[in-house]
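Hydrogens, waters and symmetry mates are skipped; everything else that's a heavy atom, side chains included, is used. Just so it is clear, the model here is predicted, and its values are computed rather than measured.
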Amino acid sequence: MKMLSDLLMTALYTVFVQNLVLSSGLGMSEAIRVSTKPGTFGKFAVMISGFSVATSALCGVIDSVESVAALPYSLRAAVYAAVLAGVYIVTAAVMKFIFRASAKVLGTLGIAALNTLVLAVPHINNYAAYSFAGSIGSGLGAGIAFVLAAALISKGSQRIAENEDIPAVFKGTPAMFLYVAMLSLAFAGFTDTNIFS
C-alpha cells in the first residue's frame, strides 16, 4: 500500500507542483509542436509517458547500486543516457519487427525518446532521492504533465487564433510565446524555487 501511495503522491506532485514542461521548459518545443497536430497528440503523449516510466524505473534500479550512486554527476548522466538509448533501441526494434510500425511512427518514437523531459526525469529522481515507486510515479507524472501542458497550449492557440483584438504584429508565434510564458509563470509559482535569484 505504501508503494502505491508513494507512486500516486509523486505523480500528482510532478504533474501539478513540479510540472517540468511548464515550470522548467523541458520538452516545451515538442509540447507546442504536438499541440497543433491533434492526430499525433495522443500517440506522442503515450510514447513520452512510456519512455519516462521505463527510464525512471530502470535508472531507479541502477541508482540503488552503490558503485553507480558514487559516480560523479557527468558519468551518472552518461549512464542515464545509455539507459534511455537502450530503452529506445529495444522499443524501436519491437515496434518495427513485431508490430510492423511505419517509418512515421518510428520517427515520432525517436522524437519522444530523445525529448529533454524524458532524460531529465532520472536526474530529478536521483536528486530528490525518490524510492523505486516514487521514481515510477515521477516518470508517469512527467508524461501526464506533458499531456496537460500540450492540452493547455492547444486550447490557448485556438483562443489566440479566434481573438480579433490581438494586434497583427503579435498574431501567431509572438502571442503563443506570451501565452506560454504566462502559463509557465503560473506553474513556477507552485514550485519552491526563487525564479528571480
Side-chain angles (χ1 to χ4, degrees), residues 10-53 55-56 77 80-81 84-85 88 92 102-125 127-128 137-197:
T10 307
L12 287 172
Y13 175 79
T14 304
V15 172
F16 295 111
V17 178
Q18 185 193 31
N19 189 311
L20 299 173
V21 180
L22 292 173
S23 67
S24 301
L26 297 169
M28 180 59 77
S29 61
E30 291 307 317
I32 292 172
R33 187 181 70 81
V34 168
S35 68
T36 61
K37 299 177 181 176
T40 61
F41 179 82
K43 285 186 265 183
F44 199 81
V46 168
M47 289 177 188
I48 285 210
S49 297
F51 281 118
S52 294
V53 170
T55 306
S56 293
Y80 294 160
L84 177 57
Y88 166 68
S102 67
K104 185 177 179 182
V105 171
L106 292 174
T108 305
L109 189 73
I111 293 169
L114 300 176
N115 195 307
T116 55
L117 174 65
V118 176
L119 190 55
V121 172
H123 293 283
I124 292 167
N125 293 345
Y127 180 75
S138 176
L140 184 62
I144 296 169
F146 180 86
V147 171
L148 176 65
L152 287 171
I153 292 168
S154 175
K155 188 63 176 171
S157 66
Q158 291 172 1
R159 299 294 293 259
I160 288 169
E162 296 167 357
N163 192 335
E164 298 294 326
D165 295 329
I166 298 176
V169 73
F170 284 114
K171 284 263 187 206
T173 304
M176 178 56 66
F177 282 147
L178 287 171
Y179 172 70
V180 169
M182 287 186 195
L183 274 176
S184 297
L185 278 173
F187 272 87
F190 289 118
T191 63
D192 58 354
T193 57
N194 185 355
I195 59 175
F196 297 108
S197 63

I need the Y179 OH to I32 CD1 distance, nearest 0.5 Å.
11.0 Å
Could you walk me through whether V105 and M47 pass the side chain to side chain contact (heavy atoms under 4.5 Å, CB included) test, one step at a time?
CA-CA 10 Å; V105 171; M47 289 177 188; 4.1 Å; yes
To the nearest 0.5 Å, what is the distance between OG1 on T14 and CG on N125?
7.5 Å
Can you name the nearest heavy-atom pair linking L26 to A120, along with the distance?
CD1-CB, 3.4 Å
NZ of K171: more than 12 outside heavy atoms within 6.0 angstrom?
yes
Mind running side chain to side chain contact (heavy atoms under 4.5 Å, CB included) on L152 and L22 for me, showing each step along the way?
CA-CA 10 Å; L152 287 171; L22 292 173; 4.2 Å; yes
Rounded to the nearest 0.5 Å, the CG atom of L140 sits from the OG atom of S52 at a distance of 9.0 Å
Determine the interplanar angle of the F51 and Y88 rings, folded into 0 to 90°, and report it as parallel if under 30°, tilted if 30 to 60°, perpendicular if over 60°.
tilted
dist L117:CG -> N19:CG (nearest 0.5 Å) comes out at 8.5 Å
The test is side chain to side chain contact (heavy atoms under 4.5 Å, CB included); show your working for L20 and V121 and say whether it passes.
CA-CA 9 Å; L20 299 173; V121 172; 4.1 Å; yes
Non-hydrogen atoms of V21 and A31 that approach each other most closely
CG1-CB, 4.1 Å
Within the distance-only criterion (no hydrogens, no angle test), does the side chain of T116 pair as donor or acceptor with the backbone N or O of G27 below 3.5 angstrom?
yes
Gap separating the CG atom of L84 from the CG atom of L114, nearest 0.5 angstrom:
6.5 Å
Please name the pair of heavy atoms, one in Y80 and one in H123, separated by the smallest distance, quoted to 0.1 Å.
CD1-CE1, 3.3 Å
Residues I153, M28; criterion side chain to side chain contact (heavy atoms under 4.5 Å, CB included); working and verdict
CA-CA 10 Å; I153 292 168; M28 180 59 77; 3.7 Å; yes
At what distance, to the nearest 0.5 angstrom, does CD1 of I48 lie from CG of L109?
11.0 Å
Taking S154 for the side chain and A150 for the main chain, is one N or O donor matched with an acceptor at less than 3.5 Å?
no
Ring-face cation contact, F44 with R33, 6.0 Å cut, 45° max
yes
